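A quick note: this is a predicted structure, and the numbers were derived from the prediction, not measured. Values below: every heavy atom of this structure, side chains too, minus hydrogens, waters and symmetry copies. Naming convention: chains lettered A, B, ... in sequence-line order (proteins, then strands); numbering from 1 in each chain.
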Number of protein chains: 2
Amino acid sequence: MNEIEKFFALKDVRVTAMRLLIYKFLADKQVAVTLSDIENAFEKADRTTLYRTIKTFEDKAIVHQIDDGTGITKYALCEKGCNCEIEADLHLHFHCNNCNETICLTEHKIPQIKVPNGFVSEDINLVVKGICDKCSGL
Amino acid sequence: MNEIEKFFALKDVRVTAMRLLIYKFLADKQVAVTLSDIENAFEKADRTTLYRTIKTFEDKAIVHQIDDGTGITKYALCEKGCNCEIEADLHLHFHCNNCNETICLTEHKIPQIKVPNGFVSEDINLVVKGICDKCSGL
DNA sequence: AAAGTGATGCAATGGAAGTGCATTTATAAT
DNA sequence: ATTATAAATGCACTTCCATTGCATCACTTT
């Protein structure tokens, strides 16, 4: 039983070949991916399986969903320091307008946001768009 | 030539009956609306016309697009104090998980966000989700 | 009035999300 | 080990929203 399998057990997720492959795929990527990205990487697998696998991962807090404003949902592994459930721990995401990639800036926490009286804040989504380090050449 | 027509002229947008109606519809609403909302309000009009009208408004900085994470694009009039082009002037949006409405909090500016070296910030999208004042009963 | 440009309507397409059902595979019980 | 049970997978659809091409209509300009 390797590391990933132990992790799955811990997260109460059954180990299957497909799930291991998808997990490894996500782990290799440094950026958030769309369902289509995964689909292209595993041509043999059915889209529904990939879809449901990601949903399972989401339910079990293995990946988190990112809405970067492109209209297409992206996913990324929850890493050390990413505790998705806790609001104070939400990190921000950066979307590059050039290469179209979305990156989790795990170290960058979202600042305290004040909302008007009567409003109750439960969740915050912050996406910064611009040019990423690879594209800016800085 | 009334106020709205003058405004259209200023924005370099031709005045048509449909555009006036859509503008008035948006002005009446205090919340961001989807294309379908507009469609339902104007059953007689074609969806494409509404779609293109909104696109025109967007191009001419009459409305701005909001991505509140519901997966459906919403639109709201750019009001006084909403200068969409200028980053420092970006306001935040509040999405109510109860009534599903999205509101522009025009007075609430987005705080300065620091990004890592090499990253260039061009645009920021900040959506706070929770319960709005009408639903919270506070 | 004629010509030209923009606005509108109709039809159709494409992409992504989501669901129902049958089948296979894995886990648990005997 | 064999059977019973439950979950995972694959296939076929469906739905919803966004978007485009093309023909037509309206308006502006000369």
Side-chain angles (χ1 to χ4, degrees), chain A residues 1-2 4-6 8-26 32-60 62-76 95 100 102, chain B residues 1 4-6 8-25 32-60 62-76 95 100 102:
Chain A
M1 202 172 183
N2 67 33
I4 303 178
E5 292 182 14
K6 276 184 214 158
F8 276 18
L10 187 76
K11 291 285 192 176
D12 193 29
V13 169
R14 283 200 184 176
V15 177
T16 71
M18 200 67 242
R19 286 178 177 176
L20 288 172
L21 285 173
I22 295 176
Y23 184 87
K24 281 174 195 157
F25 175 74
L26 290 168
V33 301
T34 65
L35 244 204
S36 296
D37 290 337
I38 305 176
E39 211 180 335
N40 293 332
F42 302 99
E43 304 246 331
K44 277 174 272 179
D46 188 77
R47 215 180 54 77
T48 313
T49 304
L50 304 175
Y51 173 72
R52 285 200 255 242
T53 299
I54 284 291
K55 284 290 173 205
T56 303
F57 282 0
E58 226 188 313
D59 286 348
K60 304 298 184 177
I62 293 175
V63 306
H64 64 267
Q65 196 172 330
I66 301 162
D67 170 25
D68 64 6
T70 54
I72 303 163
T73 307
K74 296 190 177 176
Y75 305 90
H95 176 75
N100 211 35
T102 299
Chain B
M1 203 173 183
I4 303 177
E5 293 181 14
K6 276 184 214 158
F8 276 17
L10 187 75
K11 290 286 191 174
D12 193 30
V13 169
R14 281 203 185 176
V15 177
T16 71
M18 201 67 243
R19 288 178 177 177
L20 288 172
L21 286 173
I22 295 176
Y23 184 88
K24 281 175 194 157
F25 175 74
V33 301
T34 66
L35 241 205
S36 296
D37 291 337
I38 305 176
E39 211 180 338
N40 293 334
F42 302 100
E43 305 245 331
K44 278 173 274 181
D46 186 77
R47 186 185 163 77
T48 313
T49 304
L50 304 175
Y51 173 73
R52 285 201 254 242
T53 299
I54 285 289
K55 284 290 173 205
T56 302
F57 282 180
E58 227 188 313
D59 284 348
K60 304 297 185 178
I62 292 174
V63 306
H64 63 267
Q65 196 172 328
I66 301 162
D67 170 25
D68 63 6
T70 56
I72 303 163
T73 307
K74 295 189 179 178
Y75 305 91
H95 177 74
N100 211 35
T102 299

Distances under 3.5 Å only, N/O to N/O: pair up the protein atoms with those of nucleotides 4-12 of chain D.
unit_1: dA7(D); atom_1: O4'; unit_2: Arg14(A); atom_2: NH1; d: 3.4
unit_1: dA8(D); atom_1: OP1; unit_2: Arg19(A); atom_2: NH1; d: 2.8
unit_1: dA8(D); atom_1: OP1; unit_2: Arg19(A); atom_2: NH2; d: 3.0
unit_1: dA8(D); atom_1: O5'; unit_2: Arg19(A); atom_2: NH2; d: 3.4
unit_1: dT9(D); atom_1: OP1; unit_2: Thr16(A); atom_2: OG1; d: 2.8
unit_1: dG10(D); atom_1: OP2; unit_2: Thr49(A); atom_2: OG1; d: 2.8
unit_1: dG10(D); atom_1: O6; unit_2: Arg52(A); atom_2: NH2; d: 2.6
unit_1: dC11(D); atom_1: N4; unit_2: Thr48(A); atom_2: OG1; d: 3.2
unit_1: dA12(D); atom_1: N6; unit_2: Thr48(A); atom_2: OG1; d: 3.4

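The distance between atom NZ of Lys74(B) and atom P of dA18(D), rounded to the nearest whole Å, is 11 Å.
Checked against side-chain hydrogen bond (donor to acceptor under 3.5 Å, both in side chains), Thr53(A) has no partners two or more places apart in sequence or in another chain. Looking at residues two or more places apart in sequence or on another chain, you find a side chain to side chain contact (heavy atoms under 4.5 Å, CB included) between Ile4(B) and Asn2(B), Phe8(B), Leu20(B), Tyr23(B), Lys24(B). Scanning for side chain to side chain contact (heavy atoms under 4.5 Å, CB included) contacts around Asp59(A) gives an empty result, with sequence neighbours left out. Every residue two or more places apart in sequence or in another chain that forms a salt bridge (charged side-chain N to carboxylate O under 4.0 Å, His left out) with Lys60(A) is listed here: Asp12(A). Residues satisfying the salt bridge (charged side-chain N to carboxylate O under 4.0 Å, His left out) criterion with Arg52(A), sequence neighbours excluded, are absent altogether. With sequence neighbours left out, Asp37(B) forms a side-chain hydrogen bond (donor to acceptor under 3.5 Å, both in side chains) with Thr34(B). Residues meeting the salt bridge (charged side-chain N to carboxylate O under 4.0 Å, His left out) test with Lys55(A), sequence neighbours left out: Glu58(A).
Partner of Thr102(B) under the side chain to side chain donor-acceptor pair (under 3.5 Å) criterion, out of Asp68(B), Asp67(B), Thr70(B): Asp68(B) alone.
In summary, contact between chain B and DNA chain C, defined as any nucleotide atom under 4.0 Å from a heavy atom of the protein, begins and ends at dG6(C) to dA11(C) in the 5' to 3' direction.
Residues from residues 32-41 of chain A lying near DNA chain D, meaning a heavy-atom separation below 4.0 Å, are absent.
Considering every non-hydrogen atom in both Arg19(A) and Phe57(A), the closest pair reads O-CZ, 3.7 Å.
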Please set out all donor-acceptor pairs under 3.5 angstrom arising from side-chain atoms of residues 38-50 of chain B, sequence neighbours excluded.
unit_1: Glu39(B); atom_1: OE1; unit_2: Arg47(B); atom_2: NH1; d: 2.5
unit_1: Asn40(B); atom_1: ND2; unit_2: Ser36(B); atom_2: O; d: 3.2
unit_1: Asp46(B); atom_1: OD2; unit_2: Thr48(B); atom_2: N; d: 2.8
unit_1: Asp46(B); atom_1: OD2; unit_2: Thr48(B); atom_2: OG1; d: 2.8

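The side chain of Tyr51(B) contributes no N or O atom lying less than 4.0 Å from OP1 or OP2 of dA18(D).
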